[in-house]
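Here's the structure, in structure tokens; my notes come after.
Reminder, nothing fancy here: chain letters follow the sequence lines and each chain counts from 1.
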Amino acid sequence: MVSLTAPYVSGFLAFREVPFLLELVQQLREKEPGLMPQVLLVDGNGVLHHRGFGVACHLGVLTDLPCVGVAKKLLQVDGLENNALHKEKIRLLQTRGDSFPLLGDSGTVLGMVSGQPSPSLSQALRSHDHSTRPLYVSVGHKMSLEAAVRLTCCCCKFRIPEPVRQADICSREHIRKSLGLPRPPTPRSLTQRPVACPRGDSGESSGEAPSPQRQADRTAPGGCRSTAHCQVG
DNA sequence: GCGACAG
DNA sequence: ATCTTGTCGC
């Protein structure tokens, strides 16, 4: 468990979370090199950012590991808007793996919107609610957007990629056990969790979702939680 | 009051 | 992020 001090400010997520994620990767390098992931799925954006350098880029450069930015909401930058047209494109995504590029005013493809990862989920939501939300995938470091989208999609059992989802679940559980239920008077709890996946030769590559390996949770003023996950191809 | 808002 | 409301599926 760690304690964050920097507040969350849109556009500056990396300054709040990268220090701790980087430390975890470094600890893994020296203590469990065999568990070093080949790629990290980061809960946030890569080049889909105000300055073209989101948290996934930061972590990638500092760790020298391939990174993918996976956001749940569109960061409206470079002219990109979560407007009616955008929503219509999302609505047209029909099957698992369907996606469309996010082309900014600058002419740069900043990322891809990935459709319903789960067939069952998409069908259920489509029949009753068109609000099924996509994932916003962007390049973080050392990987093409196409590969990033494919990898992300392959990690999805449900909407959120399993490495990210498990880190989320585990960190919440950790906080629940150590701090108990959050109380209104006290600062909100915030967590952060990186997940590591073993390389193919380890017993884990049984074709299943990468299991969460490590997590670092931290509480801070204004708490929040973020995750960096790693996944093996 | 309204729009924005990665986590 | 967190919270609330509503709906469907298991």
Side-chain angles (χ1 to χ4, degrees), chain A residues 2-21 40-60 67-84 86-87 102 104 110-114 116 118-140 148 152 157-161 163-165 167-169 171-172 175-176 179 181-195 215-229:
Chain A
V2 291
S3 294
L4 296 177
T5 56
Y8 165 67
V9 178
S10 178
F12 299 85
L13 182 63
F15 295 92
R16 172 180 169 78
E17 312 191 342
V18 157
F20 307 100
L21 299 176
L40 303 177
L41 293 193
V42 184
D43 198 342
N45 294 303
V47 300
L48 176 52
H49 180 267
H50 307 74
R51 302 297 296 276
F53 205 77
V55 64
C57 299
H58 266 245
L59 190 60
C67 285
V68 178
V70 183
K72 296 178 283 299
K73 295 176 182 176
L74 173 65
L75 183 58
Q76 302 184 136
V77 298
D78 196 19
L80 292 172
E81 288 184 282
N82 183 197
N83 54 26
H86 180 76
K87 290 175 181 174
L102 292 167
L110 301 174
M112 292 283 271
V113 175
S114 179
Q116 304 80 25
S118 167
S120 59
L121 177 62
S122 65
Q123 293 186 333
L125 293 175
R126 192 167 64 238
S127 63
H128 292 280
D129 181 7
H130 288 185
S131 71
T132 174
R133 296 171 301 168
L135 290 179
Y136 295 92
V137 179
S138 58
V139 168
T152 299
K157 186 173 181 180
F158 300 107
R159 185 172 81 107
I160 306 303
V164 177
R165 182 168 168 270
D168 218 61
I169 293 172
S171 65
R172 288 173 190 283
I175 288 178
R176 186 184 69 72
L179 302 178
L181 300 178
R183 284 301 161 215
T186 56
R188 298 170 185 170
S189 66
L190 153 22
T191 66
Q192 201 156 95
R193 56 195 94 75
V195 176
Q215 74 175 16
D217 292 351
R218 205 180 214 219
T219 55
C224 71
R225 58 201 245 6
S226 70
T227 323
H229 322 282

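- Contact annotation: A:Lys72 side-chain N/O to B:dG7 OP1/OP2 distance is under 4.0 Å.
- The distance between atom CG of A:Leu13 and atom C1' of B:dG7, rounded to the nearest whole Å, is 5 Å.
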Practice problem: Verify side-chain contact (heavy atoms from CB on, under 4.5 Å) between A:Val42 and A:Val70, making sure each step is shown before the conclusion. | Solution: CA-CA 6 Å; A:Val42 184; A:Val70 183; over 6 Å; no
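- Rounded to whole angstrom, the span from the CG atom of A:Leu74 across to the P atom of B:dC5 amounts to 8 Å.
- Going from atom CZ of A:Arg165 over to atom C1' of C:dA1 covers 18 Å, rounded to whole Å.
- Spacing between atom OH of A:Tyr8 and atom C1' of B:dC5 amounts to 6 Å, rounded to whole angstrom units.
- The NZ atom of A:Lys72 sits 5.0 Å away from the CD1 atom of A:Ile160 when rounded to the nearest 0.5 Å.
- At the heavy-atom level, A:Phe12 lies under 4.0 Å from base atoms of the strands shown.
- Remark: P of B:dA6 and CG of A:Leu59 are 19 Å apart, rounded to the nearest angstrom.
- The structure places CG of A:Leu13 at 4.0 Å from CD of A:Glu17, a figure rounded to the nearest 0.5 Å.
- In terms of heavy atoms, A:Cys57 sits closest to A:Val47 at SG-N, 3.6 Å.
- For B:dA4, neither phosphate oxygen OP1 nor OP2 lies less than 4.0 angstrom from any side-chain nitrogen or oxygen of A:Gln76.
- Below 30°, between 30° and 60°, or above 60°: for A:Phe53 and A:His58 the angle between ring planes is between 30° and 60°, a tilted geometry.
- Across C:dA1 and B:dA4, the matching C1' atoms stand 15 Å from one another, rounded to whole Å.
- In this structure, the side chain of A:Arg159 engages the main chain of A:Pro134 through a donor-acceptor pair within 3.5 Å.
- Between the C1' atom of B:dC5 and the CG atom of A:Asn82 lies a distance of 11 Å, rounded to the nearest Å.
- With both ends at atom C1', the span from C:dT2 to B:dC5 equals 13 Å, rounded to whole Å.
- Atom CZ of A:Phe12 sits about 8.0 Å away from atom NE2 of A:His50, to the nearest 0.5 Å.
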Quiz item: Run the side-chain contact (heavy atoms from CB on, under 4.5 Å) check on A:Asn45 and A:Val55 step by step: do they pass?
Solution: CA-CA 6 Å; A:Asn45 294 303; A:Val55 64; 6.0 Å; no
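- Of the residues in residues 45-57 of chain A, not one comes within less than 4.0 Å of DNA chain C through any heavy atom.
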Quiz prompt | Which nucleotides of DNA chain C pair, in dot-bracket form (Watson-Crick or G-U under 3.5 Å, | meaning another strand) | solution = ..........
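- Between A:Thr152 and A:Leu135 the shortest side-chain heavy-atom distance falls below 4.5 Å.
- Atom CZ in A:Phe158 sits roughly 12 Å away from atom P in C:dC10 (whole-Å rounding).
- Regarding contacts with the backbone of C:dT2, a side-chain N or O of A:Arg172 is found under 4.0 angstrom from either OP1 or OP2.
- Residue A:Leu75 contributes atom CG, which lies 9 Å from atom P of B:dG7 at whole-angstrom precision.
- Taking A:His49 as the reference, nothing meets the ring-ring contact (aromatic ring centres under 6.0 Å, His included) condition, with sequence neighbours excluded.
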Do any side-chain atoms of residues 73-80 of chain A form donor-acceptor pairs under 3.5 angstrom with protein atoms, and if so which ones, sequence neighbours left out?
{"unit_1": "A:Gln76", "atom_1": "OE1", "unit_2": "A:Asn82", "atom_2": "N", "d": "2.5"}
{"unit_1": "A:Asp78", "atom_1": "OD1", "unit_2": "A:Asp105", "atom_2": "N", "d": "3.4"}
{"unit_1": "A:Asp78", "atom_1": "OD1", "unit_2": "A:Ser106", "atom_2": "N", "d": "3.1"}
{"unit_1": "A:Asp78", "atom_1": "OD2", "unit_2": "A:Ser106", "atom_2": "N", "d": "3.3"}
{"unit_1": "A:Asp78", "atom_1": "OD2", "unit_2": "A:Ser106", "atom_2": "OG", "d": "2.6"}

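- Every stem involving DNA chain B, taken as at least 3 paired positions in a row under the Watson-Crick or G-U wobble test at 3.5 Å, would be listed here, but there are none.
- The shortest distance between side-chain heavy atoms of A:Val68 and A:Leu40 does not fall below 4.5 Å.
- A:Gly11 comes within 4.0 angstrom of a nucleotide base, judged by non-hydrogen atoms across all strands.
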